[in-house]
Amino acid sequence: MCGRTACSLAADNLRRACAYRDRRGQHRHPDWVRRERYQPSYNKGPQSSGPVLLSRRHLHQDADSSERVLMDMRWGLVPSWFKQDNPSKLQFNTSNCRSDTMLSKSSYKGALLKGRRCVVLADGFYEWQQQSGGKQPYFIYFPQTKDAMDKETEGDEEWKGWRLLTMAGIFDCWKPPGEAEMMYTYTIITVDASKDVSFIHHRMPAILDGDEAVRKWLDFAEVPTQEAVKLIQPTENIVFHPVSTFVNNIRNNTPECVAPIELGGKKEVKATPSNKVMLGWLKSSQEGSPQKKENDLPKWTSQFIHTTSPKKTSADVLQQWLGKQGQPAVKKHKA
């Protein structure tokens with residue numbers, strides 16, 4: 001599952017971090033839609049809003065479907081057919097969508113078949129491991145380069161900072177009764193956890209690893225649903241570390257939420273490439289982002305865990321549906 005995320009980049013840096021190439025191979029940055037609504041946070045939960053990528057054609061029918069826009073949407077999908085006057089009256093939780101039921105449940109099927117696919121952006125997500133003494137939170141994210149956030153570039157230069165986690169999502173548009181503004185909402189698709197994180201939790205977000213996967217998921221006009229869903233699978237190209245239970249309180253919104261801690265040992269500072277990446281990121285100046293003073297940042301021993309395991313190439317939960325659609329079953333590669 002995915003019940004909490006962090007996305008701390010300021011709006012302009014978030015846009016730069018989402019650089020891509022359109023159908024003509026031109027280097028572009030997605031335009032912001034309702035930029036003023038975006039609020040960086042180290043601790044985002046369901047019912048709050050968060051940044052997503054989607055095809056521009058969803059908003060402008062004559063646009064190239066390979067062009068992307070950034071939009072701040074409410075986390076927790078409200079189906080377009082919902083008849084009540086308040087989303088809180090929805091009788092079920094729609095913050096996560098299981099991949100094995102997304103094409104059968106009415107809450108998601110309609111939006112998915114209309115091509116309403118989006119990419120949910122985050123620095124990473126939190127997950128809690130059940131232990132005898134309670135739950136231990138972990139922060140999970142893409143591997144980062146050693147110089148991430150060390151060198152800030154200006155303007156339209158190539159982004160050298162934090163690599164955002166790109167999670168597959170579905171969005172929908174709901175019009176409240178009366179003359180209220182259209183509400184855009186999303187859900188994060190989840191799959192069985194990859195073997196390296198399954199000890200933390202048995203579910204994880206469907207992570208799109210690389211721009212080609214992101215392109216196929218977003219370009220609904222060129223990539224049909226039954227082709228796009230093949231991208232929904234676990235990934236092992238992630239790293240993680242334990243964090244303080246400080247993150248458990250949704251009101252806590254500081255760098256301490258993502259700071260690594262050492263389990264069962266003394267908290268000592270050791271200059272390793274891993275914690276330099278995280279520390280550099282936390283210390284970086286981000287206009288509009290919630291920050292603590294440098295001296296207030298926690299000290300830690302690095303707990304970064306890397307994996308060299310091969311990626312899985314399919315999600316078992318989609319085998320049955322793909323077969324029904326006349327698509328060949330996706331083969332599994334031996335580890």
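These figures come from a predicted structure and were not determined experimentally. Position 1 is the first residue of the sequence, and the numbers go up from there.
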Student: To the nearest 0.5 angstrom, please state how far the OG1 atom of Thr166 sits from the CG atom of Leu53.
Tutor: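 That separation rounds to 9.0 Å.
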
Student: Return the minimal non-hydrogen interatomic distance between Ser198 and Ala193, and the atom names on each side.
Tutor: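 That would be CA-CB, 3.9 Å.
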
Student: Check whether any side-chain N or O of Ser55 sits under 3.5 Å from a backbone N or O of Ser65 as a donor-acceptor pair, and report yes or no.
Tutor: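 Indeed, once roles are kept as given, a pair shorter than 3.5 Å links the two residues.
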
Student: With side chain to side chain contact (heavy atoms under 4.5 Å, CB included) as the test, would you mind laying out the steps for Leu165 and Met167 before giving the verdict?
Tutor: CA-CA 6 Å; Leu165 197 67; Met167 299 175 284; 4.1 Å; yes

Student: Could you tell me which non-hydrogen atom of Val243 sits nearest to which non-hydrogen atom of Gln136, and how far apart they are?
Tutor: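 Looking at all heavy atoms of both residues, the closest pair is O-NE2, 2.8 Å.
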
Student: Can you find a pair of side-chain heavy atoms, one from Glu256 and one from Ser244, that are under 4.5 Å apart?
Tutor: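 Yes, close enough: below the 4.5 Å cut-off.
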
Student: Honestly curious: do Leu70 and Tyr20 fall in one hydrophobic cluster under the side-chain, below-4.5 Å linking rule?
Tutor: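 No: no chain of side-chain contacts under 4.5 Å links Leu70 to Tyr20.
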
Student: Please determine whether side chain to side chain contact (heavy atoms under 4.5 Å, CB included) holds for the pair Leu113 and Leu103, giving the CA-CA distance in whole Å, both sets of side-chain angles, and the decisive distance to 0.1 Å.
Tutor: CA-CA 8 Å; Leu113 294 180; Leu103 284 158; 4.0 Å; yes

Student: Under 3.5 Å, is there a donor on one side chain and an acceptor on the other for Thr190 and Arg98?
Tutor: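 Note: Thr190 and Arg98 side chains miss the donor-acceptor criterion.
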
Student: Compute the ring centroids of Tyr186 and Tyr184, then answer whether they are less than 6.0 Å apart.
Tutor: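 Distance test on ring centres: not under 6.0 Å, no.
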
Student: Is there a donor-acceptor contact under 3.5 Å linking the side chains of Ser95 and Asn93?
Tutor: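 Result is yes, a qualifying pair exists.
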
Student: Using side-chain hydrogen bond (donor to acceptor under 3.5 Å, both in side chains), reason through Asn252 and Asn43 one step at a time and then give a plain yes or no.
Tutor: CA-CA 7 Å; Asn252 291 335; Asn43 201 353; over 6 Å; no

Student: Distance to the ring centre below 6.0 angstrom and angle to the axis at most 45 degrees; does that hold for Arg163 and Phe142?
Tutor: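 Yes, Arg163 and Phe142 form such a contact.
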
Student: Do Cys18 and Leu121 touch side chain to side chain, with heavy atoms closer than 4.5 Å?
Tutor: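 Heavy-atom side-chain distance check passes, below 4.5 Å.
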
Student: How far does CH2 of Trp162 sit from CG of Leu164, to the nearest 0.5 angstrom?
Tutor: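 Atom-to-atom, Trp162:CH2 and Leu164:CG are 10.0 Å apart.
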
Student: Do Tyr138 and Phe199 have ring centres separated by under 6.0 Å?
Tutor: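 Centroid separation for Tyr138 and Phe199: below 6.0 Å.
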
Student: Output every pair passing salt bridge (charged side-chain N to carboxylate O under 4.0 Å, His left out) with a member in residues 102-116, not counting sequence neighbours, ordered by first then second residue.
Tutor: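 Residue pairs with at least one partner in residues 102-116: Arg116-Asp172.
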
Student: Please confirm whether the backbone N or O of Phe82 pairs with a side-chain atom of Trp174, one donor and one acceptor, at under 3.5 Å?
Tutor: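 Indeed, once roles are kept as given, a pair shorter than 3.5 Å links the two residues.
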
Student: Does any non-hydrogen side-chain atom of Leu208 lie less than 4.5 Å from one of Val119?
Tutor: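 In short, these two side chains touch, coming nearer than 4.5 Å.
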
Student: Is the closest side-chain donor-acceptor distance between Glu127 and Gln129 under 3.5 Å?
Tutor: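 Looking only at side-chain atoms, Gln129 and Glu127 do not form any donor-acceptor pair under 3.5 Å.
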
Student: Please check this pair: side chain of Arg117 against backbone of Ala168, looking for a donor-acceptor N/O pair closer than 3.5 Å.
Tutor: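 No, the answer is negative, given that no donor and acceptor are paired below the 3.5 Å cut-off.
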
Student: Counting only N and O atoms by type, is there a donor-acceptor contact under 3.5 Å from the side chain of His201 to the main-chain atoms of Arg203?
Tutor: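 Yes: the side chain of His201 pairs with the backbone of Arg203.
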
Student: Output yes when Arg35 and Asp12 qualify as a salt bridge under the 4.0 Å nitrogen-oxygen rule, no when they do not.
Tutor: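 Yes, this pair counts.
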
Student: Which pair of heavy atoms, one from Ile188 and one from Val120, lies closest together, and at what distance?
Tutor: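 Residues Ile188 and Val120, closest heavy atoms: CG1-CG2, 3.9 Å.
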
Student: With a 3.5 Å distance limit and no angle check, can you tell me whether Lys44 reaches the backbone of Gly50 through a side-chain donor-acceptor pair?
Tutor: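 The answer is no, because no donor-acceptor pair under 3.5 Å joins these two groups.
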
Student: Classify the side-chain pair Gln47/Arg74 by whether it contains a donor and acceptor separated by less than 3.5 Å.
Tutor: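 Per modelled atom types, Gln47 and Arg74 side chains form a pair under 3.5 Å.
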
Student: Is Ile189 close to Ile170 at the side-chain level, that is, under 4.5 Å between some pair of heavy atoms?
Tutor: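 They are in side-chain contact.
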
Student: Tell me, do Phe171 and Cys118 make a side-chain contact under 4.5 Å, heavy atoms counted?
Tutor: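 In short, these two side chains touch, coming nearer than 4.5 Å.
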
Student: Would you mind reporting whether Ser66 and Arg215 have side-chain heavy atoms less than 4.5 Å apart?
Tutor: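 The answer is no, as the side chains (C-beta and beyond) never meet within the 4.5 Å cut-off.
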
Student: Are Val223 and Val229 grouped together when hydrophobic residues (ILVMFWY) are joined by side-chain heavy atoms under 4.5 angstrom apart?
Tutor: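 The answer is no; the residues belong to distinct hydrophobic clusters.
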
Student: Enter the distance from Met73:CE to Cys173:SG here, rounded to the nearest 0.5 Å.
Tutor: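 The CE atom of Met73 sits 7.0 Å away from the SG atom of Cys173.
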
Student: Which heavy atom of Asp64 sits nearest a heavy atom of Arg24, and at what distance?
Tutor: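 Answer, listing the atom of Asp64 first, then Arg24: OD2-NH1, 3.4 Å.
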
Student: Using the rule salt bridge (Lys or Arg N to Asp or Glu O under 4.0 Å), only one of Arg68, Lys216, Arg21, Arg28 pairs with Asp211; which is it?
Tutor: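 Single pass found, and it is Arg68.
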
Student: Does CD belonging to Gln61 count more than 12 external heavy atoms closer than 6.0 Å?
Tutor: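 No, not enclosed.
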
Student: How long is the straight-line distance from CE of Met71 back to CG of Leu59, given to the nearest 0.5 Å?
Tutor: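 So the gap between those two atoms works out to 4.5 Å.
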
Student: Are Leu9 and Arg16 side-chain neighbours, meaning at least one heavy-atom pair lies under 4.5 Å?
Tutor: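 Side chain of Leu9 against side chain of Arg16, heavy atoms only: no contact under 4.5 Å found.
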
Student: Write down the atom of Val258, the atom of Ala6, and the distance for their closest heavy-atom approach.
Tutor: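 For Val258 and Ala6, the tightest heavy-atom pair comes out as CG1-CB, 4.1 Å.
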
Student: Between Val197 and Phe240, is there a side-chain heavy-atom distance shorter than 4.5 Å?
Tutor: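 Yes; the side chains approach each other to less than 4.5 Å.
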
Student: Which residue pairs satisfy the salt bridge (charged side-chain N to carboxylate O under 4.0 Å, His left out) criterion with at least one member in residues 47-60, sequence neighbours excluded?
Tutor: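 Only Asp31-Arg56, Arg56-Glu67 qualify under salt bridge (charged side-chain N to carboxylate O under 4.0 Å, His left out).
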
Student: Kindly indicate, with the supporting measurements, whether the criterion side chain to side chain contact (heavy atoms under 4.5 Å, CB included) is fulfilled by Tyr108 and Thr187.
Tutor: CA-CA 9 Å; Tyr108 313 116; Thr187 184; 3.8 Å; yes

Student: Could Asp72 and Arg34 be called an ion pair, given the rule that one side-chain N must be under 4.0 Å from one carboxylate O?
Tutor: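 A salt bridge is absent here (no side-chain N lies under 4.0 Å from a carboxylate O).
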
Student: Could you tell me the separation between the CD atom of Gln39 and the SG atom of Cys7, rounded to the nearest 0.5 Å?
Tutor: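 Atom-to-atom, Gln39:CD and Cys7:SG are 12.0 Å apart.
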
Student: May I ask you to decide if the ring planes of Trp128 and Tyr126 are parallel, tilted or perpendicular, using 30° and 60° as cut-offs?
Tutor: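 Aromatic pair Trp128/Tyr126 classed tilted.
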
Student: Looking only at heavy atoms, what is the nearest atom pair of Ser8 and Tyr42, with distance?
Tutor: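 Nearest heavy atoms, Ser8 then Tyr42: CB-CE2, 3.5 Å.
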
Student: Which value, rounded to the nearest 0.5 Å, describes the distance between Ile140 atom CD1 and Ile238 atom CD1?
Tutor: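 Output value for this atom pair is 5.5 Å.
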
Student: According to ring-ring contact (aromatic ring centres under 6.0 Å, His included), does anything in residues 211-233 pair up with another residue at least two apart or in another chain? List the pairs.
Tutor: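 Qualifying pairs: His58-Phe220.
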
Student: Would Phe125 and Tyr141 count as a side chain to side chain contact (heavy atoms under 4.5 Å, CB included) here? Give the steps.
Tutor: CA-CA 7 Å; Phe125 70 97; Tyr141 48 99; over 6 Å; no

